[in-house]
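A quick write-up on the structure given underneath.
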Number of protein chains: 2
Amino acid sequence: MATPSTSPAEITKLRTRFEEYARKHGLKSTSQRDAIVDQFLRSSGHVSIDDLLAKVRKRAPKVGYATVYRTMKLLTDSGIAAARQFGDGQTRYEVMGEGHGHHDHLICVQCGLILEFENDTIEQLQDEMADRLGGFKLVRHKLELYGLCPKAAGQKNGYCPNESS
Amino acid sequence: MATPSTSPAEITKLRTRFEEYARKHGLKSTSQRDAIVDQFLRSSGHVSIDDLLAKVRKRAPKVGYATVYRTMKLLTDSGIAAARQFGDGQTRYEVMGEGHGHHDHLICVQCGLILEFENDTIEQLQDEMADRLGGFKLVRHKLELYGLCPKAAGQKNGYCPNESS
DNA sequence: GTAAGTGCAAAGTGTTTGCATTTCC
DNA sequence: GGAAATGCAAACACTTTGCACTTAC
């Protein structure tokens, strides 16, 4: 339940959803775009533009940054991707499949591991808080927890065994 | 209790704290730095570099961005300022006086009004959550609520009466 | 054929840094 | 006089845009 990768069935569904969006908006299908969308959908977790481009270029070496940015904008606009900022300077994107609705993040400050979670009680308290502060109606929120995962906490420093490539 | 401005007494205390920090680190006192620190301490709320520089330049017209950035870094390092990112691209700074410790933010998406709040129950639930997700030890967190303040919610759209210059 | 998409390089952000010059102690 | 600070402009990292060329339909 941590950083779920999208199931094949779900990927198909999302791809179809994008095709509909594309048709509705008069977008053409190109090999570059298809490669990016495909690669994005099968990425699990929180992909950066660099990550994504690197993977895409294995298949289609000439794809440029601009195309990736433009495609991610389309995916975001169509609700298939969500852009996230975790303070490391670069935007990361996650797949917004069904059964992957709203959630918050827990990030290991040592190894960069990102877990996702949901907590209804917290959400409810947020609504109450906003109301108590003068009748605000919340439209969204951002909750990020930064901590040490148990493995990182056990290390002297620097290296974290949860680290992955 | 919302976006408090710092009391004169507190400002004096903070200025002294910075002087100590400066002495300890072999920093020299310059008119530019003094002007920036002074202006920052009397700013209430969440100042951007641009805001701050604009105000500083009324007194000392030749101050450059670099100096403001460098000074804000000193203030942050000395614990007198805290840097915040509210997703509008620019870093904002707030004064970290006594009686102005940890807190979270509630932001009106219409008029940009920023309120501060604290909620121990939420904090506690966060710790529990982190522990439950595999024994994480939290070192910090970020909670931002985005909503409509009641005045903004009442308007048709666009203009918000809470807006201030 | 023409609208849409691509790649590149240039332009835009906000921020940091190198360096010659000035300032403080 | 020498370390530290300044201002400027250049460098940065990330992202967006302009434009000539290519591609899909």
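This is a predicted model, so every value here is computed, not measured. Order of the sequence lines sets the chain letters (A, B, ...), proteins ahead of strands, with each chain counted from 1.
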Open item on the list: Side chain of B:Ile49, heavy atoms from C-beta onward: which of C:dT15, D:dG7, D:dG2 has the nearest atom to it?
Closed with: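 Of all the options, the side chain of B:Ile49 is nearest to C:dT15.
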
- [ ] Kindly point out which of C:dT6, D:dC25, D:dA5 is positioned nearest to the side chain of A:Gln32?
- [x]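 Selected nucleotide: C:dT6.
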
Does the pair [X]/[Y] count as a salt bridge with the N-to-O cut at 4.0 Å?
X	Y	answer
B:Asp127	B:Lys137	no
B:Asp104	B:Lys142	no
B:Lys73	B:Asp77	yes

Counting only side-chain N and O atoms of [X], is one of them less than 4.0 Å from OP1 or OP2 of [N]?
X	N	answer
A:Thr30	D:dA24	no
A:Tyr69	D:dT15	yes
A:Thr91	D:dT15	yes

Open item on the list: Within the 4.0 Å heavy-atom criterion, would you say A:Ser29 contacts the bases, only the backbone, or no part of the nucleic acid?
Closed with: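 Since only primed, P, OP1 and OP2 atoms lie under 4.0 Å of A:Ser29, the category is sugar-phosphate.
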
Open item on the list: Heavy atoms only, 4.0 Å cut-off, all strands: where does A:Arg70 land among base, sugar-phosphate and nothing?
Closed with: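 Counting heavy atoms under 4.0 Å across all strands, the contact made by A:Arg70 includes a base.
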
- [ ] Using heavy atoms to find the nearest nucleotide of DNA chain C for B:Ala66 and B:Gly89 separately, return the residue whose nucleotide is more 5′.
- [x]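 Upstream on the strand: B:Gly89.
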
TODO: Scan side-chain atoms only and decide if A:His105 and A:Glu94 contain a donor-acceptor pair under the 3.5 Å cut-off.
DONE: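 Side chains of A:His105 and A:Glu94: pair found under 3.5 Å.
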
